[in-house]
Amino acid sequence: GSREHGGKEAGNRNEAGNGMRRACPAPSTASPQLRAMEGPGGRFPAAAVQEILREAVGSALRERRYRPGPCREAARDIAEVVKARVKALGVPRYKIVVVAHVGQLGGQSLQVASRCLWDPQSDTFSSYVFQNTSLFAVTNVYGVYFE
Amino acid sequence: MEEFHPHNDEMIFNADEAHNIVKECIESVLGKADYNQNKVNQWTAAIVEQSLTHLVKLGKTYKYIVTCAVMQRSGAGLHTASSCFWDTTTDGTCTVRWENRTMNCIVNVFAVAIIL
């Protein structure tokens with residue numbers, strides 16, 4: 001069944017009293033529709049990152065069938081390309097982490113969850129799910145602000 | 001609140017330490033279990049939550065991103081890749097792969113240093 005993604009944060013708690021809070025992005029599951037999810041805040045250009053994800057993942061995988069070798073390469077390429085393009089946006093003082101999962105559609109179930117200990121005022125993430133008849137891809141971009 | 005003064009020139013991410021922490025968290029959550037669609041949500045949340053808690057206890061001034069993927073073993077393939085733009089002297093990552101008879105689990109930890 002499909003799950004509602006609102007990109008909402010749940011359970012922010014103060015950690016160690018230094019302004020760090022836990023942000024709990026909703027888990028992404030591969031689903032029939034293309035899903036885009038975003039976290040809050042900061043000066044990270046969420047819309048531009050979404051466009052980068054859509055473009056990079058789409059062009060890497062759109063007409064592809066799942067094959068282990070090429071899909072391993074595709075996961076690596078997607079991670080590299082997305083990182084390079086997000087970096088090229090030139091947002092000052094942000095570190096970037098990109099994680100890409102590419103898998104075969106075999107009727108199996110997959111759950112991807114992530115949780116971050118960071119500052120929700122400035123740090124954020126974007127997530128993108130792609131699926132065709134033979135494979136799926138879940139790609140997350142995390143932007144972490146540093147002083 | 002305790003005062004904490006890190007020495008930034010000594011801050012290097014200890015991947016082995018993180019690896020052990022995460023491996024134990026996975027074992028404690030998934031160790032004896034068979035894949036269960038109804039439970040996988042709370043399992044991934046538990047693995048990530050416990051890993052984060054233990055990492056924070058190390059007391060280092062890092063922001064952490066922990067990602068966990070749990071997949072039913074059905075012969076289907078899964079590839080995971082990551083790419084980071086950060087300070088390679090202080091920041092680091094570790095990946096833990098784990099499996100049992102019915103499922104695969106991949107956990108990534110990314111540690112991003114905070115300069116105080």
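Numbers restart at 1 for each chain; the letters A, B, ... are given by sequence-line order, proteins then strands.
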Under the criterion salt bridge (charged side-chain N to carboxylate O under 4.0 Å, His left out), I'd like the reasoning laid out for B:K63 against A:D123: C-alpha separation, chi angles, the key distance, then a yes or no. CA-CA 10 Å; B:K63 293 180 177 178; A:D123 302 330; 2.8 Å; yes
Under the 3.5 angstrom rule, does the side chain of B:H79 hit a backbone N or O of A:E73 as a donor-acceptor pair? no
Quick one: does A:Q111's side chain have a donor or acceptor within less than 3.5 Å of a partner on B:N41's backbone? no
Looking at side-chain heavy atoms only, is the closest gap between [X] and [Y] below 4.5 Å?
X: B:L78; Y: A:V102; result: no
X: B:F110; Y: A:V99; result: yes
X: A:R115; Y: B:T67; result: no
X: B:I65; Y: A:V144; result: yes
X: A:L110; Y: B:Q72; result: no

How far apart are the C-alpha atoms of B:W86 and A:I96, what are their side-chain angles, what is the distance that settles it, and do they pass the side chain to side chain contact (heavy atoms under 4.5 Å, CB included) test? CA-CA 7 Å; B:W86 59 21; A:I96 299 159; over 6 Å; no
Exercise: identify the closest heavy-atom pair between A:K83 and B:F85: CD-N, 3.7 Å
For the student: nearest non-hydrogen atoms of B:A76 and A:Q104, plus distance: CA-OE1, 3.1 Å
Under 4.0 Å between a Lys/Arg side-chain N and an Asp/Glu carboxylate O for A:K95 and B:D87? no
Out of B:V107, B:I106, B:V112, return the one with the most heavy atom pairs under 4.5 angstrom to chain A. B:V112
Pick from A:A84, A:A100, A:C71: which one has the most heavy-atom pairs with chain B under 4.5 Å? A:A100
Between A:G103, A:A79, A:A74, which residue shows the highest count of heavy-atom pairs closer than 4.5 Å to chain B? A:A79
With a 4.5 Å cut-off on side-chain heavy-atom distances among I, L, V, M, F, W and Y, is there a chain of contacts connecting B:V48 to B:V96? yes
Kindly work out whether a path of hydrophobic side-chain contacts (I/L/V/M/F/W/Y, heavy atoms less than 4.5 Å apart) joins A:Y142 to A:F146. no
